[in-house]
Amino acid sequence: MPELPEVEVVRRGLERWVAGRTVATVEVHHPRAVRRHLEGTGHFVAALTGRTLTAAHRRGKYLWLPLAETDGTPAGQALVAHLGMSGQLLVEKPSQPDGTHLRARFTFTDGGRELRFVDQRTFGGLAVEPCAGEEIPARLAHIAIDPLDGSFDTDAFSAALRRRRTEVKRALLDQTLIGGVGNIYADESLWRARLHGARPTDRLTRAQVAELLEGVRDVLTESLAQGGTSFDSLYVDVNGRSGYFSRHLAVYGQADRPCPRCGTPIVRESFMNRSSYSCPRCQPRPRSSPARPRRP
DNA sequence: CCCAGTCCCTGCGCGC
DNA sequence: TGCGCGCAGGGACTGG
């Protein structure tokens with residue numbers, strides 16, 4: 001379940017181990033891994049072979065690596081990757097045996113370590129997309145800037161959130177509003193801000209939004225410092241190592257365990273067809289009341 | 001435009 | 001021992 005910190009850890013690994021290298025061969029082992037590349041598998045392979053991956057960028061949970069010709073001229077395209085639920089980008093020696101869920105393999109002209117895309121549940125995927133220079137590919141333009149980006153506009157986010165007529169957890173998971181937050185960090189941020197996820201966004205005060213955003217920033221920053229969250233071997237960095245933030249989770253996956261703040265047992269609720277964890281004392285469920293009518 | 005619901009996919013743990 | 005079911009959940013898509 002890679003969210004922003006986990007994807008950022010992968011991005012740093014790609015920057016270090018892959019950027020600057022030229023693709024020798026591409027193998028696609030499962031067509032679903034390149035389903036977002038609409039021109040088909042053959043076109044995907046041809047678009048990457050002989051190209052140099054110049055850098056590794058991220059917005060929200062998406063990664064992209066701009067491509068260049070062998071003479072260094074920008075190709076105007078980028079390799080775009082999303083890890084979905086269970087995707088991994090691994091940098092491994094060619095002698096390392098293939099895993100069961102290997103979906104794509106890239107070898108490089110230097111004969112060094114391969115890049116392997118491994119994905120058990122195949123929610124993730126790869127594609128080559130048009131991309132001007134170092135700008136974000138147009139296909140990713142709808143993903144909002146994430147709160148760790150220096151250009152994140154706090155006031156604009158606060159205004160947009162309070163303009164929404166939905167529940168606050170739903171809004172946190174909306175990648176067009178704020179990038180990079182998934183189910184785990186949404187629950188952790190709401191706990192830090194002492195807000196229940198079902199609170200209506202249009203009734204939050206500016207102070208509550210500011211506290212929520214501080215919670216988001218803090219939890220993402222702290223997780224990144226720990227190398228991300230891992231529950232098992234499904235999320236790892238490019239070298240296959242797990243992060244350690246799962247030890248610091250206050251509520252996510254902690255049903256019946258004491259709230260670190262007040263000791264009340266954490267409850268698990270089904271919410272948006274997925275699990276939500278919260279402290280019933282620190283984060284009381286909002287009183288059900290009719291939605292505030294939108295101003296004409 | 002805005003928002004909610006559906007579907008995609010596989011491994012694992014649990015109850016019977 | 002085996003089988004079926006629920007669950008994990010990001011995001012593209014669809015329909016109201």
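Computation of the quantities below employed the complete heavy-atom set of this structure, encompassing side-chain atoms and omitting hydrogens, waters and symmetry-equivalent molecules. Below, chain A is the first sequence line, B the second, and so on; all start at residue 1.
Of the candidate nucleotides dC8(B), dG11(B), dG10(C), dG11(B) has the atom nearest to the side chain of H101(A). Nearest to the side-chain atoms of L173(A) among the listed nucleotides dG10(C), dA12(C), dC7(C) stands dG10(C). Nearest nucleotide to the side chain of R268(A), out of dC7(C), dC3(B), dG10(C): dC7(C). If you check dA8(C), dG11(B), dC3(B) against the side chain of T166(A), the one that comes closest is dC3(B). Among the nucleotides dA8(C), dC3(B), dC9(B), the one closest to any side-chain atom of Y277(A) is dA8(C). Set against dC9(B), dA12(C), dG11(C), the side chain of T122(A) has dC9(B) as its closest nucleotide. Of the listed nucleotides (dC9(B), dG11(C), dA12(C)), dA12(C) has the atom at the smallest distance from the side chain of Y62(A). When distances run from any side-chain atom of R170(A) to the nucleotides dG11(C), dC3(B), dA4(B), the shortest one goes to dA4(B). Considering only the side chain of Q175(A), dG11(C) comes nearest among dG11(C), dC9(B), dA12(C).
Of the candidates T25(A), T22(A), V23(A), V23(A) is the only one forming a side-chain contact (heavy atoms from CB on, under 4.5 Å) with F108(A).
The pair E214(A)-R192(A) does not count as a salt bridge, with every side-chain nitrogen at least 4.0 angstrom from each carboxylate oxygen. Using a cut-off of 4.0 Å between Lys/Arg side-chain N and Asp/Glu carboxylate O, R103(A) and D119(A) are scored as not salt-bridged. A salt bridge links R116(A) and D98(A); the closest N-O separation between the charged side-chain nitrogens and carboxylate oxygens is under 4.0 Å. The pair E129(A)-R139(A) counts as a salt bridge, with a side-chain nitrogen and a carboxylate oxygen less than 4.0 angstrom apart.
Straight-line distance from the CG atom of L83(A) to the P atom of dC9(B): 19 Å, rounded to whole Å. One atom, NE2 of H142(A), and another, P of dG10(C), lie 14 Å apart when rounded to the nearest Å. The NE2 atom of H29(A) sits 20 Å away from the P atom of dC9(B) (whole-angstrom rounding). Distance CG (L172(A)) to P (dG10(C)): 12 Å, rounded to an integer number of Å. Between R163(A) atom CZ and dC3(B) atom C1' there is a gap of 15 Å when expressed in whole angstrom units. One atom, CZ of R36(A), and another, C1' of dC7(B), lie 11 Å apart when rounded to the nearest Å. In this structure, CZ of R165(A) is placed 18 Å from P of dC1(B), rounded to the nearest angstrom. Put simply, CD on Q88(A) is 14 Å from C1' on dG11(B), counting in whole angstrom units.
Two residues, R274(A) and E167(A), neighbour DNA chain B, and the one matched to the more 5' nucleotide by heavy-atom proximity is E167(A).
Among the atoms of the strands shown, none is found under 4.0 Å from any heavy atom of H30(A). Across all strands shown, R35(A) has no heavy atoms under 4.0 Å from either base or sugar-phosphate atoms.
Dashed line: the shortest gap from a side-chain N or O of R32(A) to OP1 or OP2 of dC9(B) is under 4.0 Å. Checking the phosphate oxygens (OP1, OP2) of dC7(C), no side-chain nitrogen or oxygen of S275(A) falls inside 4.0 Å. Considering only side-chain N and O atoms, R164(A) lies under 4.0 angstrom from the phosphate OP1 or OP2 of dC3(B).
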Would you give me the side-chain donor-acceptor pairs under 3.5 Å for residues 55-66 of chain A, sequence neighbours excluded?
residue: H57(A); atom: NE2; partner: E134(A); partner atom: OE1; Å: 2.7
residue: R58(A); atom: NE; partner: E8(A); partner atom: OE1; Å: 2.8
residue: R58(A); atom: NH1; partner: G60(A); partner atom: O; Å: 3.0
residue: R58(A); atom: NH1; partner: D146(A); partner atom: OD2; Å: 2.9
residue: R58(A); atom: NH2; partner: D146(A); partner atom: OD2; Å: 3.4
residue: R59(A); atom: NH1; partner: I143(A); partner atom: O; Å: 3.3
residue: K61(A); atom: NZ; partner: V181(A); partner atom: O; Å: 3.3

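Panel note: side chain Q283(A), backbone C279(A); a donor-acceptor pair is recorded below 3.5 Å.
Axis orientation changes by 50° from one end of the helix from dC2(B)-dG16(C) to dC16(B)-dG2(C) to the other, with each end axis drawn from 5 pairs and the value rounded to 10°.
Ring geometry for F44(A) against F106(A) counts as perpendicular: the plane angle is over 60°, on a 0 to 90° scale with 30° as the lower cut.
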